[in-house]
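Accompanying notes for the structure given below.
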Amino acid sequence: MKQVMIGLVCLMVLAGCQKADRQVFKYEFETNDEGFSQVYGDYHDDGNGYTTYEFAWGRNKPDIAGATQALYIEGMNRSDDLFMGYTKLITGLKKNTTYTFLIKFKLGTSEESGSVGVGGSPADSVYVKAGVVGVKPVAALDSQGVYRLNVDIGNQSEGGETIVVATTMAKPEGSATGMIYKDVEANVTLKTTSEGTVYLLIGTDSAFEGFTKFYLDKITVIATQK
């Protein structure tokens, strides 16, 4: 009996450790933007306040049956390589600790696979990327007059070190007409900062030289200590 009790105590301690080493963050945007902020990258100064890029973002309800408030972002890919998306600071993790991050979200898209457009398909050539980085993603003007992000997102169909290509804007085969929600997942590994933080980044890297708009909702990040 004593050995059984010791075994139960050990299992309880182990279970507690496992629970403590796994944190779940959920964002649903029902009443606000949950601290997410928009980010654009890989675009030139058009000399007209960036109006030719048609940048817009915010919270709204997509035209999807049963949908509620979600984040949206849009833009015209005048630069042939536009990145646009959202970032969010995640806090409360252990300092200087390596975690695996499972990122899950719903992507609102109306693009049909196999479609064609200038530079590529508005569905198959718009790559959806997700991951985490150690610093806040921001764009700064480089020596060539291009606003580049300060984090490695890769280039179009290629991911970065901790930003991966999760899917494209293409709807799954057999989807209903119009806009639908597509379930997306990505998995990356990163060491937290000395403050126990990381920045979540979700967005699109486009080869399609046209207009793209998408929605993000029901974002979940599961951080598990390695």
Side-chain angles (χ1 to χ4, degrees), residues 27 29 32-60 71-91 101 103 105 107 109 111 117-122 124-169 186 188 190-195 197-216 219 221:
Y27 312 103
F29 314 111
N32 56 62
D33 62 13
E34 300 271 21
F36 281 72
S37 58
Q38 78 284 351
V39 58
Y40 290 87
D42 295 339
Y43 61 96
H44 300 81
D45 187 343
D46 64 2
N48 193 31
Y50 312 109
T51 55
T52 60
Y53 288 99
E54 302 179 35
F55 292 160
W57 60 87
R59 278 176 63 248
N60 206 343
L71 297 180
Y72 76 89
I73 192 166
E74 58 191 63
M76 177 68 75
N77 186 16
R78 302 289 188 191
S79 65
D80 305 340
D81 194 29
L82 181 66
F83 178 90
M84 61 182 188
Y86 279 92
T87 185
K88 161 73 177 178
L89 175 65
I90 296 178
T91 63
F101 295 88
I103 302 162
F105 58 94
L107 173 73
T109 177
E111 303 298 339
V118 178
S121 166
D124 306 303
S125 300
V126 181
Y127 304 96
V128 180
K129 297 182 174 181
V132 292
V133 290
V135 298
K136 183 176 182 178
V138 294
L141 197 62
D142 69 9
S143 59
Q144 297 179 328
V146 180
Y147 281 88
R148 303 288 189 191
L149 290 175
N150 61 335
V151 295
D152 179 15
I153 61 168
N155 185 43
Q156 295 182 1
S157 62
E158 297 180 357
E161 185 176 357
T162 58
I163 303 295
V164 300
V165 176
T167 186
T168 66
M169 287 294 291
V188 297
L190 182 69
K191 186 177 182 179
T192 61
T193 67
S194 58
E195 288 78 36
T197 62
V198 297
Y199 280 89
L200 172 67
L201 181 62
I202 302 173
T204 55
D205 197 354
S206 181
F208 164 59
E209 298 171 27
F211 183 81
T212 294
K213 178 178 181 177
F214 64 90
Y215 287 82
L216 296 175
I219 299 175
V221 179

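All figures in this text were calculated on a predicted structure; none of them were measured in a lab.
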Among all residues two or more places apart in sequence or in another chain, which pass the side-chain hydrogen bond (donor to acceptor under 3.5 Å, both in side chains) test with [X]?
X	result
Arg78	none
Glu209	none
Thr51	Asn48
Thr87	none

**OP:** Identify, with sequence neighbours excluded, every residue that meets ring-ring contact (aromatic ring centres under 6.0 Å, His included) alongside Tyr27.
**Re:** Phe36
Subject >> Residues that Phe105 engages under ring-ring contact (aromatic ring centres under 6.0 Å, His included), provided they are two or more places apart >> reply: none
Can you tell if the side chain of [X] reaches within under 4.5 Å of the side chain of [Y], non-hydrogen atoms only?
X	Y	value
Pro137	Tyr199	yes
Val128	Met169	yes
Val188	Ile163	no
Leu149	Val39	yes
Ser79	Tyr53	yes

Original post:
After noting the C-alpha distance and the side-chain angles of Met76 and Tyr50, does the key distance pass the side chain to side chain contact (heavy atoms under 4.5 Å, CB included) rule?
Top reply: CA-CA 10 Å; Met76 177 68 75; Tyr50 312 109; over 6 Å; no
Using the salt bridge (Lys or Arg N to Asp or Glu O under 4.0 Å) rule, collect all pairs that involve [range], keeping only residues at least two apart or in two chains.
range	value
residues 124-139	Lys129-Asp205
residues 157-167	none
residues 34-45	Asp42-Arg148

Subject >> Trace of the side chain to side chain contact (heavy atoms under 4.5 Å, CB included) decision for Leu200 with Ile219 >> reply: CA-CA 10 Å; Leu200 172 67; Ile219 299 175; 4.0 Å; yes
Working to the nearest 0.5 angstrom, can you tell me the gap between [X] [atom1] and [Y] [atom2]?
X	Y	atom1	atom2	answer
His44	Leu141	NE2	CG	10.0 Å
Ile73	Thr204	CD1	OG1	7.5 Å
Ile90	Phe101	CD1	CZ	6.5 Å
Glu111	Thr168	CD	OG1	10.0 Å
Leu82	Ser206	CG	OG	7.0 Å
Tyr86	Ser37	OH	OG	9.0 Å

Heavy-atom closest contact ([X] atom, [Y] atom, distance):
X	Y	result
Phe214	Met84	CZ-O, 3.8 Å
Gly117	Pro122	N-CD, 4.1 Å
Asp33	Phe29	O-CE2, 3.6 Å

Subject >> Side-chain donor/acceptor of Tyr40 to backbone N/O of Val138, under 3.5 Å >> reply: no
Subject >> Partner of Phe55 by ring pair (Phe, Tyr, Trp, His ring centres under 6.0 Å), out of Tyr43, Tyr72, Phe83 >> reply: Tyr43
**OP:** Sort out for me which residue in Asp152, Val198, Thr162 forms a side-chain contact (heavy atoms from CB on, under 4.5 Å) with Val133.
**Re:** Thr162
Subject >> Set of residues satisfying side-chain contact (heavy atoms from CB on, under 4.5 Å) with respect to Thr193, sequence neighbours excluded >> reply: Glu195, Thr197
Subject >> Any residue meeting side-chain contact (heavy atoms from CB on, under 4.5 Å) with Asn155, in chain and number order, not counting sequence neighbours >> reply: Asp81
Original post:
After noting the C-alpha distance and the side-chain angles of Val151 and Val135, does the key distance pass the side chain to side chain contact (heavy atoms under 4.5 Å, CB included) rule?
Top reply: CA-CA 8 Å; Val151 295; Val135 298; 3.7 Å; yes
Subject >> Intermediate values then yes/no, side chain to side chain contact (heavy atoms under 4.5 Å, CB included), Leu107 and Tyr215 >> reply: CA-CA 6 Å; Leu107 173 73; Tyr215 287 82; over 6 Å; no
Original post:
Under the salt bridge (Lys or Arg N to Asp or Glu O under 4.0 Å) test, which residues partner Lys213, sequence neighbours left out?
Top reply: Glu74
